[in-house]
Amino acid sequence: MAIFSLDEFKSSPDTRFSKGTWIVEYHDQTHVSEGNYLGLGKVEIEECTPNGNCFFRFHPCSGEELEEDIRNEWERDAWKGKLDPQQKEGQSEKAAQTILDQLRESMVRLGILQPYFEIEHPKFITERKFAIVVLDTNALRNSAVYHLQEQFRTTQMWIIIPTVTLMEIGERVATIKSRVNDKSKPSNTALIRNRPQVTITSQAVKWIRKHFPTETLELAPELFRAFRGYETRSTDPYKEPDRISINDRLILEGIKNLRRQRNLSEEVYLMSGDKDMSRLARLEGIQTIYPDIPDIQGISDGIYSIRYSLESQTYVVCSIHRFLWDLTHVFSKIRVRKCTESFETKKELELFYYYPTKRVNDWVDDKLEVTGFGSSSTA
Amino acid sequence: MVTIEILQQEDTTEDDPTIKERIQIQGIQVLRITPINIKVSIPIPMTELLDIINEIKPIEGPQQEELDSYYAMQVPVYNDGNLSAEELDLPHHIGLRLALESVLQRYGTSNDLQILIS
């Protein structure tokens with residue numbers, strides 16, 4: 001067992017992968033019984049270079065497979081009597097969809113699945129030397145700005161993160177904490193959707209600050225009172241709280257203020273992963289960028305860990321280590337094991353986000369607990 | 001280095017085709033990839049590209065002593081979220097296949113185009 005940063009995880013001789021098929025599973029203590037794992041898909045490692053770079057294909061489980069796995073989990077003793085059959089059916093379907101949505105967002109973040117950008121006036125971006133892009137929480141989480149810069153190489157993106165977006169991250173932390181303590185609810189599968197808002201967005205902010213000129217969009221003090229957190233007003237955990245429209249409004253007003261104060265107009269874009277917000281913003285004369293993410297179920301050959309970008313004329317690569325790293329931020333504990341017939345040669349590795357000894361610096365430095373493979377062995 | 005050119009022949013003229021796009025990839029050597037090694041500098045109709053992509057493989061199974069030539073060395077890539085290029089070794093045939101797949105995705109519906117690999 002070791003505590004690793006991503007760079008340490010990638011470079012450690014104890015965590016080298018080899019050619020073959022690997023099964024990827026997750027465990028989340030909020031809705032999976034102890035010691036059990038639910039499947040996410042298979043990783044087919046096709047090539048490994050002598051210096052340890054692996055090229056792989058990820059084959060996600062189908063919606064039906066995920067649903068079946070979840071239903072089987074709820075047949076276990078831990079869940080007896082907590083769900084009636086009708087609830088099981090409905091909840092398992094929602095849970096499977098949540099998992100698939102998070103997997104495809106993860107592939108976009110990793111750069112290996114390209115979103116299609118719906119842009120009101122794309123030529124404005126290509127014709128300009130710079131564009132100011134305001135990100136909402138969804139856009140921050142799925143890191144689509146990476147693809148935007150890749151597709152519009154000649155335009156310098158200036159990123160603006162609204163204070164509301166950062167405040168929402170804080171609110172999500174509180175929501176997750178409150179729900180984590182109540183482990184007996186199958187509906188906690190909805191936490192898979194909420195967790196990346198915390199674990200991923202904080203890292204995304206760091207990444208954006210490293211790669212782009214970035215500033216924060218402040219709210220006028222009188223508007224702070226309008227900010228609505230994630231206090232629960234709905235009994236359905238899959239339903240977004242009704243604060244959304246208020247916080248969206250705060251972002252839109254912030255953009256209008258920004259344009260007025262700096263005498264800007266066409267250079268300012270709102271990037272939002274929320275269709276409704278994009279539509280509303282356009283009605284109010286704000287230009288939008290909506291990253292439409294393809295459905296991973298429709299990709300029959302699996303998602304390859306490397307692609308060639310015609311826009312940047314460069315390959316975009318995701319390492320197996322970063323792939324597992326990102327999944328751990330979403331699903332909290334990831335196990336990857338090699339398909340092999342012999343028990344003796346069984347190889348497996350586990351990554352855990354919420355390890356008990358995690359200190360403040362470990363959160364900031366984005367460290368995970370990694371178990372498996374054994375010292376100086378290669379899988 | 002491999003150069004991929006997307007060519008368009010104007011219907012009304014006898015002139016040479018115009019180059020719609022030119023892609024150059026450092027490190028990749030076409031002579032190490034079958035069936036591309038016999039199609040070098042021969043215009044290939046876009047309609048045939050998918051079949052060719054499906055047949056792409058290394059010239060022959062890499063022997064240990066040939067391992068060095070199996071990989072294209074120091075190909076520029078955006079690795080793990082970086083927006084500046086790093087250099088990585090990758091198999092010649094995988095590199096070319098991915099580039100051609102991207103070409104097919106963008107131009108695959110245009111039947112009047114040809115592709116020239118050199």
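So you know, we letter chains A, B, ... as the sequences are listed, proteins then strands, and number each from 1.
Two residues are said to be in side-chain contact when any heavy atoms from C-beta on lie closer than 4.5 Å; B:Leu83 and A:Arg153 meet this criterion. A:Gln313 has its side chain out of reach of B:Ile25: every pair of non-hydrogen atoms, C-beta onward, lies at least 4.5 Å apart. Side-chain contact check for B:Ile23 versus A:Tyr308: some heavy-atom pair is nearer than 4.5 Å. The side-chain heavy atoms of A:Thr49 and B:Leu90, taken from C-beta on, include no pair separated by under 4.5 Å.
The line from CG of B:Asp89 to CD of A:Glu47 is 12.0 Å long, rounded to the nearest 0.5 Å.
Heavy atoms of A:Glu311 lying under 4.5 Å from chain B belong to its backbone as well as its side chain. Contact annotation for A:Trp207: only side-chain heavy atoms (C-beta onward) come within less than 4.5 Å of a heavy atom of chain B. Proximity to chain B is absent for every atom of A:Cys54, based on heavy atoms less than 4.5 angstrom apart. Only the side chain of A:Tyr304 has a heavy atom closer than 4.5 Å to any heavy atom of chain B. Both the backbone and the side chain of A:Leu310 come within contact range of chain B, each with at least one heavy atom under 4.5 Å from a heavy atom of that chain. For A:Ile112, no part lies near chain B; criterion is any non-hydrogen pair under 4.5 Å. Residue contact with chain B, scored on non-hydrogen atoms closer than 4.5 Å, involves the side chain of A:Phe55 exclusively.
Annotation: maximal heavy-atom pairing with chain A below 4.5 Å, among B:Leu98, B:Asp80, B:Val77, occurs at B:Asp80.
Shown here for B:Ala99 and A:Tyr315, the closest heavy-atom pair between the two residues is CB-OH, 4.3 Å. Taking every heavy atom of both residues into account, B:Tyr71 and A:Pro50 meet most closely at CE1-CD, 3.6 Å.
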